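Structure first, commentary second.
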Protein chains: 2
Amino acid sequence: MYLAKLYVSHKPSILDPQGEAIKKALHSLNHQSVESISQGKYFEINLNENNQEDAENVLKKACEELLVNQNMETYHYEIKEV
Amino acid sequence: MYLAKLYVSHKPSILDPQGEAIKKALHSLNHQSVESISQGKYFEINLNENNQEDAENVLKKACEELLVNQNMETYHYEIKEV
């Protein structure tokens, strides 16, 4: 069994209105030192595979086919046997 | 300047219908080896503070006051000077 931790965030070139809205909210709570904030998605995925390579292949396909919008988002991941 | 990476996920005891829905979708795409999946939030926050301790304090307050639903979610973070 492998545990993958997947981090999906906006591409830098993409406007992040959600991040801007959160920043304004934090400033209104007197956290002026918040310079910038971006929100993305965080997945924890258990993969029932026999080796790391197969687990990574499934993860990459899952990203391409469902979990990541390739036009607007980038992703990175960590994967380990559990 | 400090960069905080914040990972917010459901508490284990909390039902995660979104994770179940994503798992079903991945199974329908023939990724049967996906055993479980949970989706959370991932933030990258730039904090204009003078030392790590102050940056962590701002981050913890931001979590308590806005970014994390303490009833349903847990969080962990990494913070480094940039």
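Because the structure is predicted, anything quoted here is derived from the model rather than measured. We name chains A, B, ... by the order of the sequence lines, and we start the count at 1 in each one.
Using a 4.5 Å cut-off between heavy atoms, B:Leu67 touches chain A through its side chain atoms alone. Both the backbone and the side chain of B:Lys61 come within contact range of chain A, judged by heavy atoms closer than 4.5 Å.
Between A:Glu35 atom CD and B:Tyr2 atom OH the span is 14.0 Å, to the nearest 0.5 Å. Rounding to the nearest 0.5 Å gives a distance of 10.0 Å between CD of B:Gln39 and CD1 of A:Ile45. Here OG of A:Ser33 is found 5.5 Å from CG of B:Leu47. Values are rounded to the nearest 0.5 Å.
When the candidates A:Glu49, A:Gln32, A:Met1, A:Lys41 are compared by the number of heavy-atom contacts under 4.5 Å with chain B, A:Lys41 comes out ahead. Across A:Leu66, A:Asn46, A:Ile37, the residue that shares the most heavy-atom pairs under 4.5 angstrom with chain B is A:Asn46.
The contact list for residues 68-78 of chain B toward chain A, using heavy atoms and a distance under 4.5 Å, reads B:His76 by residue number.
Residues A:Ile79 and B:Ile22 share a hydrophobic cluster, clusters being chains of Ile/Leu/Val/Met/Phe/Trp/Tyr side chains in contact below 4.5 Å.
B:Val8 and A:Tyr42 make their closest contact through O-CD2, 4.0 Å (heavy atoms, listed as atom of the first residue, atom of the second, distance).
Within a 6.0 Å sphere centred on NZ of A:Lys11, heavy atoms belonging to other residues, nucleotides or ligands number more than 12.
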